[in-house]
Amino acid sequence: MATPGVPVDNNEDKKDQSEPAGEEDFETLKYQLLGPSLTKAGQDAVDQQKVSEIIYNASKGSKFFNHEQERDRNLTVKIERILKAKARLEKLDLSHDLRRADEYLAELELSRDLSQFVIHVDCDAFFAAVEELDRPELKTVPMAVGKGVLTTCNYLARKFGVRSGMASFVAKKLCPHLVLLPQNYEKYTAKATEIRAIMAEYDPLFETASVDEAYLNITAYCDENQVDPEEAVQNMRARILEETKVSVSAGIAANAKIAKIASNQNKPNGQFCVVNKREAIMEFMRTLPVRKVNGVGRVFERELGSIGVVTCGDIYPRRAMLTKLFGEKAFQFLAQCYLGLGRTNIQPIEASERKSVSTETTFNEIGDKEELRAKLRWAAEEMEKDLVRTQFKGRTLCLKVKLHTFEVLTRQTAPPRAVSQANDLYAFALPMLVKLEKEIPGMKLRLLGLRCSNLVSTKKAGINFFGVTTQPRSSAAQTTETSVQKDDHEIGPEEAFESSARQEVQDEMNDLEQLSQEAAHFPDTGESSGAVNPGSSPAQWECPICGRPQVADDRIFNDHVDFCLSRQTIREVVEDTSQEEPSAPASRKRKPSQPSTANNDTRQKRLFFQ
DNA sequence: GCGGATCAC
DNA sequence: TATGGTGATCCGC
């Protein structure tokens, strides 16, 4: 029942036996250290026992290792709690939960759609493959892309146990001759564009899942060209290989979830089809390790394994206790795994679906406050560039730090208005950093980052809007190429979005109006959040910390903000400021949630629960 | 709404 | 010597 190599937590056969005091369970830790991509192709012939030993010894004693060890201990404790809960449940009458579970399964079954052919296309060792095109001699040696941590490696490297996500010095221990190449993302994007051009012929509305992955719905294509899906995919893969020299693998199934799993089945340069019949799907899922399903990672795998759920088939006999052990969402997710259900509507990802913009960098431990401040300044400037590029401002600003111990902390704040300029980002982030420095004496960081969320678009369509008569439809036409003018009140997914976009614009207008009254200036370019006034008059701004209006250039602005922040009263002032200038009202409308179609359209990528 | 945790790539 | 960056979601509080 157990997957070879996967450590077994106290499972039901062993009952509730804790480890002897003072002894560590190194098996789970070693498994954790193996990294998240164990399930990737090319690892079958590898002696995982030996590999994990090498990784373990290379890592032992490091701060990274200690942190992983702590996480492993915490998870072990959590699993003990799960097992105790399970033991209690087994003494109770679960017939009610059983009936509820069966009702849900029956309901899901009704939503099963076997009429669509969805495929998932996945490039094989993509970054490495692209590099090999430029330098064919690399095909014959183990090679990986990435600096400190590997992003991709070719199949020769995988034979040594090397895999993505691995620290390069560890990879070198496993494979001393490993060739390391720096990442060249533009090159990969260009190649991906070539591949996508071909995929578009099979489904113009295909969905890119990442730079090297895509979902297509080829139902219409197969219908129009009178070919069966396997033949069409065979054909498409051959064309991609011929015309772009990149090999891809594909999965063919009734929905995206199974297609994704299937694309990994015959990697590299292969394809796998799960035929659109209930029996075939159920049989495929029955023996499929839960870990193979998107959304089940190392942690959930161990939690499920502890109660005896290793394959999707194991879900059924435990169905009555899943809600109580892992929560409702988890139960629903697992029910769909058991039945092999997933979404069938494949659509281009709209850029406007973005919910956050972030930047972060790792560096050698820094404890010096001035140096940290310089890092923050740099992060703020990077963030400004990203916000300009993506055309957003953020209503919420989040500071992320990683301590030298690898512990991660985040602190967020809602500035009085949406921010995008480096000066503002810095000014609002610094108090959070200062506060952390107070909370953690002698704080040393190895990473610092910023994230903006609660985004406000600064796209032209929205900004031109300002001062122009409200014309939602024309705005919509600008933002959506294929938008259709509708005169009725029917709300389709597209319209729902447009309506929400209008609301965003309206909100922005309201905010700006309020601001222009308060600060007596008119930010008509969208590039400024109050720091600079257009025209020939001297630049006018207000300090985001003390709120005092000033006339100054950037240097003086920075000095003043630094001065304000260095005062003892920083926190109080900031709190007062935000009270005086409340952020967006709580009732503010959010972007539409995914249009709910059927039960099988759950796009829940994650479902976590304690 | 915030902060921690998990996951995918 | 040494273990990434970006985006998203879920949960408990």
Side-chain angles (χ1 to χ4, degrees), chain A residues 32-33 35-37 39-40 55 58-68 71 74-75 78 122-123 126-127 145-152 163-173 183 185 188 208-213 260 291 293-303 326-330 332-333 349 353-365 379 382-383 386 390 395-402 404 406-414 432 436 446-455 583-584 586 588 590 593-594 602-610:
Chain A
Q32 187 174 333
L33 286 167
S37 55
T39 53
K40 293 269 180 177
I55 297 176
S59 306
K60 198 156 65 182
S62 68
K63 289 177 176 177
F64 172 80
F65 178 92
N66 292 338
H67 184 250
E68 290 298 297
R71 287 182 47 186
N74 290 342
L75 180 55
K78 188 175 165 190
D122 197 342
C123 302
F126 185 53
F127 294 180
V145 177
K147 275 264 184 294
V149 166
L150 311 183
T151 20
T152 322
R163 54 177 69 79
S164 63
M166 179 177 279
S168 42
F169 81 93
V170 174
K172 279 278 191 182
K173 282 223 159 61
Q183 194 163 319
Y185 205 78
Y188 313 143
T208 59
S210 71
V211 68
D212 70 334
E213 282 180 42
K260 166 81 181 163
R291 184 65 165 84
V293 181
N294 235 6
V296 179
R298 280 177 290 178
V299 171
F300 200 18
E301 177 190 33
R302 265 189 67 189
E303 291 175 1
F326 301 111
E328 185 66 22
K329 282 266 168 67
Q332 293 177 358
F333 171 79
I349 302 281
E353 279 185 26
R354 178 190 280 272
K355 293 195 171 69
S356 72
V357 178
S358 69
T359 177
E360 66 185 53
T361 40
T362 295
F363 37 75
N364 294 325
E365 285 179 22
E382 284 301 300
M383 180 59 115
D386 290 347
T390 54
R395 283 195 150 93
T396 301
L397 179 63
C398 177
L399 174 75
K400 172 179 174 179
V401 301
K402 195 186 277 181
H404 67 109
F406 284 85
E407 187 184 355
V408 175
L409 301 172
T410 60
R411 293 293 181 269
Q412 71 181 60
T413 185
M432 296 190 277
L436 281 171
R446 73 185 324 278
L447 173 146
L448 190 148
L450 291 175
R451 184 173 73 247
C452 278
S453 52
N454 256 309
L455 298 179
S583 53
R588 191 176 159 276
R590 296 298 320 131
S593 52
Q594 197 71 8
T602 52
R603 285 206 66 177
Q604 48 192 32
K605 290 178 182 164
R606 288 290 319 122
L607 28 119
F608 269 83
F609 27 76
Q610 299 302 318

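A, B, ... follow the sequence lines: proteins, then strands. Residue 1 opens every chain.
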As a test of reading the structure: which of [options] is closest to the side chain of [X], going by heavy atoms?
| X | options | answer |
| --- | --- | --- |
| A:Val299 | B:dC7, B:dC9, C:dT9 | B:dC7 |
| A:Glu213 | B:dC9, C:dT3, C:dG4 | B:dC9 |
| A:Ser356 | C:dT3, C:dG7, C:dG5 | C:dG7 |
| A:Arg71 | B:dT6, C:dG4, C:dT3 | B:dT6 |
| A:Ala414 | C:dT3, B:dC2, C:dG5 | B:dC2 |

For the residue pair A:Phe333 and A:Phe300, categorise the inter-ring angle as parallel (less than 30°), tilted (30 to 60°) or perpendicular (more than 60°).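 A:Phe333 and A:Phe300: tilted rings.
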Where each residue is assigned the nucleotide of DNA chain C containing its nearest heavy atom, which of A:Val357 and A:Phe406 is assigned the position nearer the 5′ end?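 So the residue in question is A:Phe406.
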Phosphate OP1/OP2 of [N] contacted by [X] side-chain N/O (<4.0 Å):
| X | N | answer |
| --- | --- | --- |
| A:Lys400 | B:dG4 | no |
| A:Thr410 | B:dG3 | no |
| A:Lys172 | C:dT1 | no |
| A:Ser62 | C:dA2 | no |
| A:Arg446 | C:dG4 | yes |
| A:Arg411 | B:dG4 | yes |
| A:Arg354 | C:dG7 | yes |
| A:Ser358 | C:dT6 | no |
| A:Thr361 | C:dG4 | no |

Using atom [atom1] of [X] as one end and atom [atom2] of [N] as the other, report the distance to the nearest whole Å.
| X | N | atom1 | atom2 | value |
| --- | --- | --- | --- | --- |
| A:Phe300 | C:dT9 | CZ | P | 18 Å |
| A:Glu382 | C:dG4 | CD | C1' | 15 Å |
| A:Arg291 | B:dC7 | CZ | P | 7 Å |
| A:Arg302 | B:dC7 | CZ | P | 11 Å |
| A:Phe333 | B:dA8 | CZ | P | 9 Å |
| A:Leu447 | B:dG4 | CG | P | 14 Å |
| A:Met166 | C:dA2 | CE | P | 18 Å |
| A:Lys402 | C:dT3 | NZ | C1' | 8 Å |

Residues two or more places apart in sequence or in another chain: which of them pass salt bridge (Lys or Arg N to Asp or Glu O under 4.0 Å) with A:Arg298?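 So A:Arg298 forms no salt bridge (Lys or Arg N to Asp or Glu O under 4.0 Å) with any residue.
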Mapping A:Asn74 and A:Asp212 onto DNA chain B by nearest heavy atom, which one lands closer to the 5' end?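 This one resolves to A:Asn74.
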Between A:Val211 and A:Thr396, which has a closest nucleotide on DNA chain B that is more 5'?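 The answer here is A:Thr396.
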Just wondering, more than 12 heavy atoms not from A:Asn74 lying within 6.0 Å of its CG?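 Atom CG in A:Asn74 is packed in, count exceeds 12.
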Within the structure shown, what part of the strands sits under 4.0 Å from [X] by heavy-atom distance: base, sugar-phosphate, or nothing?
| X | answer |
| --- | --- |
| A:Lys260 | sugar-phosphate |
| A:Gln412 | sugar-phosphate |
| A:Leu150 | nothing |

Side chain of A:Ser453, backbone of A:Ser356: donor and acceptor closer than 3.5 Å?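 Looks like no, no N/O pair under 3.5 Å.
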Under 3.5 Å, side chain of A:Ser358 to main-chain N/O of A:Leu450, donor-acceptor pair present?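 Checked: no pair found.
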From A:Leu399 CG over to A:Arg411 CZ, what is the distance, rounded to the nearest 0.5 angstrom?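 So the gap between those two atoms works out to 9.0 Å.
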Which value, rounded to the nearest 0.5 Å, describes the distance between A:Tyr185 atom OH and A:Thr151 atom OG1?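 That separation rounds to 10.0 Å.
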Taking only the C1' atom of each, what is the distance from C:dG4 to B:dC7 in whole angstrom?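 Straight-line distance between the two C1' atoms is 15 Å.
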